[in-house]
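Structure, as structure tokens:
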Amino acid sequence: MIPRGLERRVELLLARFPCLLLFGARQVGKSTIVSKTKVAQGRKYLTFDDPETIAAARADADVFIDQAERLTIDEVQRYPDLFQRVKRSIDSERKAGRFLLTGSSAAEILAAGKASALAGRSAVLEMGPLTLAETEGRAPFDWLELLRATETAAVLRRLPKPAATREALQRRVMRGGLPPAWEAEDDATWREWMRAYRALYLERDVLPVRRLAAPEDFLRFMTQTAYRSGGLLSLSDLGRDAGVPLSSAQNYLRLIEGSCQWFRVLAYHRNLGKRLVKSPKGYWFDSGVLAYLLGVSDWEQARSAGRLGALFETWVANEIRAATWMISERLELHHWRTQAGSEVDFVLSLGERLLPIEVKSASTLSPKDLRGLETFLADHKKEAPFAVVLYTGAEHRLIGPRIIALSAMAL
């Protein structure tokens, strides 16, 4: 079993809150972390994947949730009415770690407004696919250290050496981080697993929430969002290209987001007198699922098809998000783009401190790769002492007075 960096964070939150809601897409490993790791010690584990368990909860919810001092319930979205009973139990006896609830789809819970019953009583945490550090058995990359540093020379000295091989990096990007897909023996097995995953996702996470009159419209919309991973979000364009009305596009996107398959990165637009683009960007939750939806299965094929840049950027977005979930500090992820065309893929922030990050799937860099970063640094001299270009080269190096080339193989 691959140790997950999020495990320690789950333990800390259970020690502080009466309840923890652990959400994440299907097959990211939630059931494993709550039933087969240190987290599971001293807890009774139940899953609503079992019809008899749901029947017992519906028959007498109060008795059901009081059957153990510490209770873990997997796939809780299958019976969202349980939240009100959990709230009542917490209010009568407020002890840390009483409930650990997991769900692969927040859509049904949020649509019913059930989760609001636990406001102020529960921590909420999202779990993503395997990171490169986890698949390589190494410590998580420390983005906080970059945000707290002020001098590029000192940063270069402290950066971890690139430990993963180029082949391991490419495999992680193309296969994705869902454990069964990442462990697939060959591309054919990987494709078969992904085909089954898409069918299971539609059956378990979409249809129970919305009885779609035309599931094929939803699948077509889902493919269109994949083609736009890493791009600015425009619902009208998405709906038009998928051949569905705007109202359907809004509902479909809500479903995809609610089931943790897709997320948005908001624009950074603190006022500096510039005209900035304020539309969010959208990303798929896993680069492997994205590769399957785009019809590519290896690095060179993705490059030839013109999809490698979006795939690599999607992978980086998920790596950074995973790092933010593992710590208590409030790290926020944005993108930055001006109306004049200058842009930076990501802006990671901690309070007033900013770290602009440009992402390049190439192993070499050119001066034009730095223009967006240079504009951002000029506009944010105080908040951003330096910037980073994350690329697939084998070494870290200084490529400008305030710009560091960071090897993705160090993540």
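Atom set for the values below is all heavy atoms of this structure, side chains included, hydrogens, waters and symmetry mates excluded.
Counted by atom type alone, D186 and T189 present one or more donor-acceptor pairs between their side chains at under 3.5 Å. With no hydrogens or angles considered, no side-chain donor-acceptor pair links R371 and S342 at under 3.5 Å. A donor and an acceptor atom, one from each side chain of E75 and S104, are located under 3.5 Å apart. Defined by atom type and a distance below 3.5 Å, a donor-acceptor pair is missing between the side-chain atoms of R172 and T135. Under the 3.5 Å distance criterion, with hydrogens and angles disregarded, no donor-acceptor pair is assigned to the side chains of S349 and Y268. Residues S229 and T314 bring a donor and an acceptor atom of their side chains to less than 3.5 Å of each other. Looking at Q301 and S297, their side chains do bring a donor and an acceptor atom within 3.5 Å of each other. Between Q250 and R254, the side chains place no donor N or O within less than 3.5 Å of an acceptor N or O (distance only, hydrogens not considered).
In terms of heavy-atom proximity, V277 sits nearest to A267 at O-CB, 3.4 Å. Between L255 and Y201, the shortest heavy-atom distance links the atoms O-OH, 4.0 Å. Closest approach of P140 and A133 over heavy atoms only: CA-CB, 4.1 Å. Nearest heavy-atom pair across A394 and P162 is O-CG, 3.4 Å. Closest of all the heavy-atom pairs between M1 and P3 is O-CD, 3.3 Å.
Note on D142 versus R158: no salt bridge recorded, every NZ/NE/NH1/NH2 to OD/OE distance being 4.0 Å or above. Under a 4.0 Å N-O distance rule, the pair R220/D241 does not qualify as a salt bridge. Ion pairing between a basic and an acidic side chain is recognised when a charged N comes within 4.0 Å of a carboxylate O; E192 and R195 show such pairing. The pair E7-R9 fails the salt-bridge criterion, with no side-chain N (NZ, NE, NH1 or NH2) lying under 4.0 Å from an Asp/Glu carboxylate O. Residues E374 and R402 are not paired through a salt bridge, judged by the lack of any N-O separation under 4.0 Å between the basic side chain and the carboxylate. Ion pairing of R330 with E332 is present here, as a side-chain N (NZ or NE/NH1/NH2) and a carboxylate O approach within less than 4.0 Å. Between E313 and K281, at least one side-chain nitrogen of the basic residue sits less than 4.0 Å from a carboxylate oxygen of the acidic one, meeting the salt-bridge criterion.
Within the 3.5 Å criterion, the main-chain N or O of T131 finds a donor-acceptor partner in the side chain of E134. A donor-acceptor distance shorter than 3.5 angstrom exists from the side chain of T165 to the backbone of A168, with no hydrogens or angles considered. Looking only at distances, no side-chain donor or acceptor of T72 sits under 3.5 Å from a matching main-chain atom of Y45. No donor-acceptor pair under 3.5 Å is formed between the side chain of D345 and the backbone N or O of I357. Distance alone, capped at 3.5 Å, is enough to place a donor-acceptor pair between the R228 side chain and the Q224 backbone. Although no hydrogens or angles enter the test, the distance criterion places no donor-acceptor pair under 3.5 Å between the side chain of K360 and the main chain of D369. Checked by atom type and distance alone, the side chain of R43 pairs as donor or acceptor with a backbone atom of G97 at under 3.5 Å. A donor-acceptor distance shorter than 3.5 angstrom exists from the side chain of R353 to the backbone of A149, with no hydrogens or angles considered. Without hydrogens or angle criteria, S287 side chain to V173 main chain gives a donor-acceptor distance under 3.5 Å. In terms of modelled atom types and a separation under 3.5 Å, the side chain of H334 and the main chain of H269 share no donor-acceptor contact.
The neighbour count for E329 CD, taken as heavy atoms of other residues, nucleotides or ligands under 6.0 Å away, is above 12.
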Problem set entry | Candidate pair L246 and L235, rule side chain to side chain contact (heavy atoms under 4.5 Å, CB included), full reasoning | CA-CA 7 Å; L246 180 59; L235 268 173; 3.9 Å; yes
Exercise. Going through the distances and angles, do L202 and Y197 end up as a side chain to side chain contact (heavy atoms under 4.5 Å, CB included)?
Worked result: CA-CA 9 Å; L202 184 66; Y197 181 85; over 6 Å; no
For this session: Show your reasoning for whether side chain to side chain contact (heavy atoms under 4.5 Å, CB included) applies to R98 and S89.
Result: CA-CA 9 Å; R98 287 197 63 204; S89 180; 2.9 Å; yes
Exercise. Run the side chain to side chain contact (heavy atoms under 4.5 Å, CB included) check on T102 and V76 step by step: do they pass?
Worked result: CA-CA 6 Å; T102 81; V76 71; over 6 Å; no
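Side-chain contact between V347 and F376 is present, with at least one heavy-atom pair separated by less than 4.5 Å. Counting only heavy atoms from C-beta outward, the side chains of L253 and F221 approach each other to under 4.5 Å. Contact annotation: the side chain of L398 approaches that of L156 to within less than 4.5 Å [non-hydrogen atoms, C-beta and beyond]. Using a 4.5 Å cut-off on side-chain heavy atoms (C-beta onward), V359 and V389 make no contact. Using a 4.5 Å cut-off on side-chain heavy atoms (C-beta onward), D286 and W315 make no contact. E185 places none of its side-chain heavy atoms less than 4.5 Å from the side chain of W190. Here the side chains of L266 and R264 are in contact, with some heavy-atom distance below 4.5 Å. Contact annotation: the side chain of D50 never approaches that of F48 to less than 4.5 Å [non-hydrogen atoms, C-beta and beyond].
For the pair R175 and W193, the cation does not sit on the ring face, since its NZ or CZ is not both under 6.0 Å from the ring centre and inside 45° of the axis. For the pair R321 and F263, the cation sits on the ring face: its NZ or CZ lies under 6.0 Å from the ring centre, inside 45° of the axis.
Using bins of under 30°, 30° to 60° and over 60° for the plane-to-plane angle, the ring pair Y283/F346 lands in the tilted bin. Aromatic ring pairs are classed by plane angle as parallel below 30°, tilted from 30° to 60° and perpendicular above 60°; the pair F141 and W143 is perpendicular.
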